[in-house]
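Contents: one structure, followed by commentary.
By convention here, the first residue in the shown sequence is residue 1.
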Amino acid sequence: MKKEDDEKRLARLKNIVLNMPELPGSYQYYDSGGIIIYVGKAKNLKRRVSSYFHKEVDRYKTKVLVSKIEDITYTVVKTEEDALLLENALIKKYNPRYNVLLKDGKTYPSICVTNEPFARIFATRNINKKFGTYFGPYTNIGGMYLILDFIKKLYRPRSCRMIITEKSISEGKHKECLKYHLGICGGCCIGKESMKQYAENIAAAREILKGNTREILKMIWENMQEAAEELRFEDAQRYKEQYILVEQYCAKSEIVSHTITDIDVFTCLIDENKGNGYVNYIHVKNGQINQSFTFEYKLNLEETEEEIMEVAIPEIRERFKSTAKEIVVEKSLEWNIPGATFFVPQRGDKAHLLELSKMNCKQYKVDRLKQAEKLNPEQRATRLMKELQEKLQLPTLPMQIEAFDNSNIQGEDAVAGCVVFKKMKPSKKDYRKYNIKTVTGPDDYASMEEVVRRRYSRIMKEGGNFPDLIICDGGTGQMNIVREVVEKELKLNIPIAGLAKDDKHRTNELLYGFPPKTVQIKTDSELFHVLTQLQDEVHRYAITFHRDKRSKNALRSELNEIKGIGEKTVQMLLKKYLSVKKIKEANYADVCSVIGKAKTDLLWEHWKKEKE
């Protein structure tokens, strides 16, 4: 491969990585022939995959792998454990060349509850549904054995392989074993535990393994409280450990379910702005996800989701040679697939798979939008401006937004700053600083009134461009002050919004209107992040200006105390040395070269008296 082609390939792959979500999931690398050469898992997909493309990667195997990658796909899941299970299933299916682990056919263990009259509970890697019910698989092997130990301590199920029935017990065919004498087994084989009682214990154990632990937790909590009240602290500690154990590990993953044999899962999402439809496909075989892809369809007309699915489902099933007799979808469809039936789940494992498919479909749409906006940055700005225009019902797009903030300490060195965002990006050449001239003392409202009046009066005189929106760094009070000046005094029609903060001084809502009302906008949305960026920027700008002014005033006051040193000399010294400390540390001859011998002597004499 030529160097230029390789650089283009890496640039394309890095662009894919930049748009990946910071969520858990499994990722797949493809070679030039479209064959999967590596399957991995990640707690954070973006961070993990980007590590392959760092310059400092020095492992030879990793370098060879990266040189073969032509494309990257990924599947988003909810937890790191699910990512591990999905990685395992995909490696078993595709046997990628560069995966060195899990190729030997081993799988994660499950817990089996047998179908015997006196059921056994044990860990196994072999699945035979005729033999019993299986729970898992468990990627955290230690956690699985902790659950087993907990069940054994709590319910003491038998572990022997004898065939035990009520008849064999009544005929006295069994003898107690050492585990019974050690208190590990309840002694069901010798009639110490009735079949009904034993079955109730096994049913409770099943609920723990299913994750239905609310009643079990309640019981353990009550036992713990009772033990503590009776001062049986060792028992209370044991119950506490059991409580934490059940709470942490009795959860079941939606990635694998032994009750599901062979199904297809489809979800659809339409992006009306782009004129595209996205269809996610997940195939589950023998309880494991072994395929997950999202496809993009160009809408010729205003097709509905059902019309897109009517085209996509047969096409995708044909492409992957799927013969699944059950197809899981979000809504009932009015057409049929030969040899298969549609199913709309309301709860359970299939509903979890449907939710996972929807999540991947939404993520694919977000990724496509990010890729398009990286190629055309103006698209992102336009999208955010349209969103803000719709939220506030503005007459025009907010192409130019301005924000103000004040800064002072007890009214001293009072200043203000004006920050300008054009097309949702800072326009630093348009920033303005203001020294507060007419206000005495710490009065933020009066300072804001002065600055806004000066800002827009000057624009009126000079014939400049007014902003499409003013955002106040404050709540209702600041908005009312700005409105008094802009609308009533200057007779200008400029929309005014405000960003309010909560008790912890964190921005939590956008205000608009008269009287101001909260605008519904998610605090984790991209638009809200841009608005808070504007707020942080104007705050930083005003604070920085205030610090600079305060610092210079402090320096001037100290130098101006020296008789014979005027303002011009002070400016020359500050320009050269920036601080009094550096002037004191400077060489006598160097200072003479700046302000002359006579004034340097005045400085040296002054500092000599200070020391004395």
Side-chain angles (χ1 to χ4, degrees), residues 19 21 23 25 73-78 254 260 262-284 289 291-373 375-376 379-380 382-391 393 520-522 525-527:
N19 295 312
L23 297 169
T73 62
Y74 59 90
T75 302
V76 176
V77 293
K78 290 184 176 179
E254 73 263 21
I260 299 175
D262 187 9
I263 66 169
D264 287 334
V265 183
F266 288 93
T267 53
C268 180
L269 185 64
I270 291 178
D271 185 354
E272 296 178 354
N273 295 327
K274 299 287 292 180
N276 291 336
Y278 306 101
V279 176
N280 179 262
Y281 167 65
I282 288 178
H283 180 65
V284 181
I289 293 177
Q291 287 169 333
S292 177
F293 296 93
T294 303
F295 300 90
E296 184 175 343
Y297 288 84
K298 196 70 179 175
L299 305 183
N300 297 320
L301 299 171
E302 295 182 359
E303 288 96 338
T304 63
E305 290 184 3
E306 184 174 348
E307 290 170 333
I308 295 174
M309 296 282 264
E310 189 173 357
V311 174
I313 291 177
E315 182 181 294
I316 294 172
R317 281 171 60 89
E318 175 64 27
R319 177 173 178 175
F320 290 98
K321 304 292 187 262
S322 173
T323 57
K325 297 184 185 298
E326 186 175 350
I327 303 172
V328 175
V329 291
E330 294 181 84
K331 304 173 185 175
S332 299
L333 302 177
E334 297 180 357
W335 46 277
N336 297 311
I337 293 284
T341 57
F342 291 112
F343 178 68
V344 182
Q346 301 300 319
R347 62 184 68 85
D349 295 326
K350 292 174 183 177
H352 286 215
L353 287 166
L354 190 65
E355 186 180 343
L356 182 65
S357 177
K358 288 164 64 177
M359 185 166 63
N360 277 276
C361 205
K362 290 177 182 177
Q363 187 60 50
Y364 187 86
K365 176 187 172 184
V366 171
D367 293 346
R368 294 292 292 167
L369 179 62
K370 286 182 178 179
Q371 289 175 10
E373 289 180 349
L375 296 174
N376 182 13
Q379 184 175 323
R380 173 182 176 272
T382 303
R383 173 175 60 83
L384 291 174
M385 287 189 293
K386 282 184 177 178
E387 185 179 349
L388 185 57
Q389 182 184 17
E390 290 173 2
K391 293 284 186 184
Q393 297 295 308
Q520 295 300 323
I521 178 171
K522 292 182 179 179
S525 67
E526 191 176 3
L527 175 59

Where [X] and [Y] come nearest, the two heavy atoms and their spacing:
{"X": "Gln393", "Y": "Glu390", "result": "NE2-O, 2.8 Å"}
{"X": "Ala324", "Y": "Ala340", "result": "O-CB, 3.7 Å"}
{"X": "Lys350", "Y": "Val328", "result": "O-CG1, 4.2 Å"}

Working to the nearest 0.5 angstrom, can you tell me the gap between [X] [atom1] and [Y] [atom2]?
{"X": "Cys268", "Y": "Glu310", "atom1": "SG", "atom2": "CD", "answer": "12.5 Å"}
{"X": "Ser322", "Y": "Asp262", "atom1": "OG", "atom2": "CG", "answer": "6.0 Å"}
{"X": "Leu333", "Y": "Glu307", "atom1": "CG", "atom2": "CD", "answer": "11.5 Å"}
{"X": "Thr304", "Y": "Lys331", "atom1": "OG1", "atom2": "NZ", "answer": "8.5 Å"}
{"X": "Gln363", "Y": "Asn280", "atom1": "CD", "atom2": "CG", "answer": "11.5 Å"}
{"X": "Ser292", "Y": "Leu356", "atom1": "OG", "atom2": "CG", "answer": "6.5 Å"}

Which residues share a salt bridge (Lys or Arg N to Asp or Glu O under 4.0 Å) with [X], sequence neighbours left out:
{"X": "Glu355", "answer": "Lys78"}
{"X": "Glu318", "answer": "Lys321"}
{"X": "Lys358", "answer": "Glu330"}

- Query: Hey, does the side chain of Lys391 reach the backbone of Gln520 with a donor-acceptor pair shorter than 3.5 angstrom?
  - Reply: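 Yes, Lys391 side chain to Gln520 backbone: donor-acceptor pair under 3.5 Å.
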- His283 side chain to Ile263 backbone, donor-acceptor under 3.5 Å: yes
- Task: Answer yes when Asp264 and Arg317 have at least one side-chain N-carboxylate O distance shorter than 4.0 Å, and no when they do not.
- Result: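 Answer for the salt bridge query: yes.
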- Which is it for Lys325 and Thr341 under the side-chain contact (heavy atoms from CB on, under 4.5 Å) test, yes or no, and what are the steps along the way? CA-CA 6 Å; Lys325 297 184 185 298; Thr341 57; over 6 Å; no
- Message: Let's go through Glu334 and Glu306 carefully: what are the C-alpha distance in whole Å and the side-chain angles of both, what is the deciding distance for side-chain contact (heavy atoms from CB on, under 4.5 Å) to 0.1 Å, and is it a yes or a no?
- Response: CA-CA 9 Å; Glu334 297 180 357; Glu306 184 174 348; 3.8 Å; yes
- Query: What do the steps show when you test Thr294 against Asn360 for side chain to side chain donor-acceptor pair (under 3.5 Å), and what is the final call?
  - Reply: CA-CA 8 Å; Thr294 303; Asn360 277 276; 5.8 Å; no
State, yes or no, whether a side-chain contact exists between [X] and [Y] at a heavy-atom distance under 4.5 Å.
{"X": "Lys386", "Y": "Leu384", "answer": "no"}
{"X": "Ile327", "Y": "Phe266", "answer": "yes"}
{"X": "Pro314", "Y": "Ile337", "answer": "yes"}

- Determine, using ring centers only, whether Tyr281 and Phe320 are less than 6.0 Å apart. yes
- Would you say the side chains of Glu315 and Tyr297 form a donor-acceptor pair under 3.5 Å?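 Yes, Tyr297 and Glu315 have a side-chain donor paired with an acceptor closer than 3.5 Å.
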- Item | Option passing side-chain contact (heavy atoms from CB on, under 4.5 Å) with Val279 (candidates Ile313, Leu269, Thr267, Ile308) |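 Among Ile313, Leu269, Thr267, Ile308, the one that satisfies the side-chain contact (heavy atoms from CB on, under 4.5 Å) with Val279 is Ile308.
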- So His352 and Leu354, side-chain contact (heavy atoms from CB on, under 4.5 Å) or not? Walk me through it. CA-CA 5 Å; His352 286 215; Leu354 190 65; over 6 Å; no
